[in-house]
Each structure stands twice: as structure tokens, then as C-alpha cells.
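Working notes for the structure below.
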Amino acid sequence: MRVDVLTIFPEFFGQVFDFGIIRRAKLAEIVEINVHDIREFTTDKHRMVDDRPFGGGDGMVLKPEPIFAAIENLIGASDRADYPAGTKVVLLSPQGRPLKQALAAEFADETEHMVIICGRYEGVDERVNETLVTDEISIGDYVLSGGEPAAVVLVDAIVRLLPNALGSETSAENDSFSDGMLDYPHYTRPAEFRGMKVPETLLNGNHAEIEKWRRMKALEKTRSVRSDLLKGENGDM
Ligand code: 9D3
């Protein structure tokens with residue numbers, strides 16, 4: 001998969017894609033990630049990326065011209081009807097459809113080239129949305145100051161699902177009963193730490209008993225903090 005991130009703050013992404021699974025996936029050429037400064041696609045003397053909103057109001061709106069130029073340059077088309085198959089242009093904004101595991105899996109499955117446009121607080125000219133964007137996505141119901149942190153979240157959620165991105169150690173983690181539920185509690189040595197004991201069940205080597213205990217704990221935790229997951233309202237966690 002190739003990912004191109006469009007942002008007015010390219011420095012934000014410094015080393016954020018250089019760790020863990022994403023770093024490994026880049027080295028294995030499972031994914032290529034490029035960050036582009038929208039300003040590089042301006043053609044005017046002042047390299048203007050934003051302007052005042054028509055109709056008035058506070059703040060500035062990202063201008064359409066540099067974003068259209070960037071998409072044209074990166075994809076070779078400036079109308080979503082003309083994109084090659086497997087091409088997605090994602091606008092990250094609070095108005096988007098909420099990101100869920102099922103959507104990340106769909107992107108990992110079907111996308112060869114993803115361009116991510118990072119919105120800002122004040123907004124993006126709506127003609128970008130109407131003409132270029134295939135998917136407008138939010139990462140949740142809280143206010144960010146821009147799409148940049150959301151881009152990191154989206155890329156991370158997708159890349160770890162690409163074929164062979166997870167090492168053999170971690171791939172079994174997508175297992176069995178934990179699907180659609182929060183995880184059970186984990187412990188390691190020492191068996192007693194500052195008077196706090198590891199649950200006896202985990203120490204006695206009875207694997208059927210341990211699995212039963214883990215199921216119960218996962219269910220308890222899910223019921224207490226995320227009962228929506230048990231109603232199947234959250235897309236394949
Ligand atoms: C005044 C109304 N606000 C929209 C609910 C304005 C506004 C807030 C924050 C406009 C843009 C932003 C910047 N946020 C993002 O670009 C963003 C975001 C987010 O704020 N929350 C969750 N997901 C995302 S993805 C991009």
C-alpha cells in the first residue's frame with residue numbers, strides 16, 4: 001500500500017511512522033508512507049494555503065487550489081470518478097463517518113493507494129469534499145485542533161492489518177473469544193509485588209481453568225466500561 005499524507009504541518013509527522021509495526025512494514029516494503037506539505041503545491045507568490053470564509057466568521061478555510069493540484073500530482077486525476085481502482089482519498093474531519101475496526105479492515109483489504117487530507121479547525125473548502133474525497137472520516141467524538149493526530153491513528157490502524165505486517169508472535173492475538181470484547185487482565189513476574197498477588201488461577205497451570213477465568217474477566221470488563229460492544233454496535237473490535 002502507498003499512503004500520501006497532505007498537511008500544512010509536515011513536521012508534525014517527524015518520526016511518528018518510524019517505530020514498531022509501521023517501521024517494520026516500511027522496511028519490508030509492505031507500505032510506503034509519504035508526507036507532503038500542501039504549501040509545496042501553491043503557485044501564488046505568497047504560497048497561500050488558506051483564506052477567509054465566504055459569508056464571514058472566524059478563522060481561515062483551506063483553499064481548494066493547492067489540494068486539487070496535490071491530488072492531480074499524486075493520483076493523476078482531479079475527479080474521484082476518474083481515480084484508478086483501489087484509490088481512496090480520505091478527508092479527516094469531525095463531520096466524517098466514525099472510524100471503526102471494520103472500516104480499517106476494509107481499507108487494508110481494498111486500498112492500494114490512499115491519500116489522506118488533514119483538515120484544520122476552521123475547515124476545508126467544500127469543493128474538495130464534493131469532488132476529490134471518497135471517504136470523510138472522524139476518529140471519534142472529541143475535538144482535535146486538526147486532522148494530523150487522526151492521520152497517525154488511521155495509518156496505524158490500517159498498516160497493522162496489511163498482510164504480513166504483524167510478526168508471527170503477534171498475529172495469534174486476533175484470536176477466538178476476545179473478538180468484540182475488551183482484553184482480560186495480564187500479569188507477569190513477580191507473583192507477588194508490594195503485597196499485590198497474581199490471581200491464583202493463572203499460577204496453577206490448568207489451561208481450561210485459565211481460559212474460563214480470562215473469558216469471565218473480559219466479559220466483566222466489557223460489560224462495565226463498553227456495554228455497546230456486547231450489543232454488536234462497534235464493528236468487529
Ligand atoms: C465548530 C464545530 N467544530 C466541528 C465539530 C469545528 C471543528 C473542530 C475541530 C473543525 C475542525 C476541527 C479539527 N478536527 C479535525 O480536523 C479532525 C477530528 C476531530 O476533531 N475529532 C475527531 N476526528 C477528527 S478527524 C479530523
Side-chain angles (χ1 to χ4, degrees), residues 1-18 22 26 29 31-97 99 103-104 106-108 110-139 144-159:
M1 181 182 290
R2 171 180 163 199
V3 179
D4 290 294
V5 179
L6 294 179
T7 174
I8 61 169
F9 297 130
E11 296 88 353
F12 177 91
F13 295 91
Q15 299 193 69
V16 81
F17 298 129
D18 292 343
I22 298 180
K26 283 166 65 179
E29 299 186 64
V31 68
E32 172 192 334
I33 305 171
N34 311 296
V35 177
H36 308 274
D37 187 347
I38 291 171
R39 203 173 296 281
E40 298 300 321
F41 295 94
T42 56
T43 55
D44 64 305
K45 186 172 66 170
H46 297 104
R47 309 184 83 202
M48 257 175 55
V49 293
D50 55 13
D51 205 341
R52 293 153 62 202
F54 277 124
D58 290 335
M60 303 285 271
V61 174
L62 292 185
K63 290 169 64 58
E65 300 95 321
I67 298 178
F68 271 72
I71 295 291
E72 191 126 74
N73 180 270
L74 296 169
I75 299 177
S78 50
D79 187 316
R80 61 191 174 207
D82 304 324
Y83 295 163
T87 302
K88 296 285 190 187
V89 173
V90 173
L91 174 63
L92 291 167
S93 98
Q95 285 72 47
R97 163 154 84 113
L99 179 63
L103 181 58
E106 198 180 301
F107 282 138
E110 297 172 2
T111 311
E112 288 171 59
H113 185 194
M114 175 174 283
V115 180
I116 300 173
I117 303 169
C118 300
R120 294 303 306 168
Y121 190 85
E122 304 77 7
V124 179
D125 188 285
E126 187 62 19
R127 289 164 291 191
V128 167
N129 210 353
E130 287 169 356
T131 307
L132 302 178
V133 171
T134 60
D135 300 86
E136 187 177 17
I137 305 292
S138 158
I139 63 161
L144 303 174
S145 23
E148 285 79 9
V152 175
V153 169
L154 179 64
V155 168
D156 190 276
I158 292 170
V159 168

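Everything numeric here is computed off the predicted structure, so don't read it as measured data. If you read the sequence from its start, that first residue is 1, and numbering goes on from there.
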### Task
Step by step, work out the side-chain contact (heavy atoms from CB on, under 4.5 Å) result for E148 and L92.
CA-CA 8 Å; E148 285 79 9; L92 291 167; over 6 Å; no
Is it the case that more than 12 heavy atoms not belonging to [X] sit under 6.0 Å from its [atom1] atom?
{"X": "E29", "atom1": "CD", "result": "no"}
{"X": "D58", "atom1": "CG", "result": "no"}
{"X": "Q15", "atom1": "CD", "result": "no"}

### Message
I'd like to know if the side chain of R120 reaches the main chain of G147, judged simply by a donor and an acceptor atom lying under 3.5 Å from each other, with no hydrogens or angles considered.
### Response
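No.
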### Message
So does Q95 get a backbone contact from the side chain of S138, meaning a donor-acceptor N/O pair under 3.5 Å?
### Response
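No: the side chain of S138 does not pair with the backbone of Q95.
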#### Entry: The single option from V5, L132, I71, V90 passing side-chain contact (heavy atoms from CB on, under 4.5 Å) against V115
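When side-chain contact (heavy atoms from CB on, under 4.5 Å) is applied between V115 and each of V5, L132, I71, V90, only I71 qualifies.
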Does a side-chain heavy-atom distance below 4.5 Å link [X] with [Y]?
{"X": "F17", "Y": "V159", "answer": "no"}
{"X": "T42", "Y": "M48", "answer": "no"}
{"X": "I158", "Y": "V3", "answer": "no"}
{"X": "D4", "Y": "H113", "answer": "yes"}
{"X": "F68", "Y": "V128", "answer": "yes"}

Measuring from [X]:[atom1] to [Y]:[atom2], what's the distance to the nearest 0.5 Å?
{"X": "F12", "Y": "T7", "atom1": "CZ", "atom2": "OG1", "value": "8.0 Å"}
{"X": "R2", "Y": "N34", "atom1": "CZ", "atom2": "CG", "value": "6.0 Å"}
{"X": "E65", "Y": "R127", "atom1": "CD", "atom2": "CZ", "value": "8.0 Å"}
{"X": "I67", "Y": "L62", "atom1": "CD1", "atom2": "CG", "value": "5.0 Å"}
{"X": "L154", "Y": "L103", "atom1": "CG", "atom2": "CG", "value": "8.0 Å"}
{"X": "E106", "Y": "K88", "atom1": "CD", "atom2": "NZ", "value": "6.5 Å"}

#### Entry: Residues R80, V89; criterion side-chain contact (heavy atoms from CB on, under 4.5 Å); working and verdict
CA-CA 8 Å; R80 61 191 174 207; V89 173; over 6 Å; no
### Task
Name all residues meeting the side-chain hydrogen bond (donor to acceptor under 3.5 Å, both in side chains) criterion together with R39; count only those two or more places apart in sequence or in a different chain, and write none if there are none.
none
### Task
Only counting residues at least two apart or in another chain, list the ones meeting side-chain hydrogen bond (donor to acceptor under 3.5 Å, both in side chains) with E136.
S93, N129
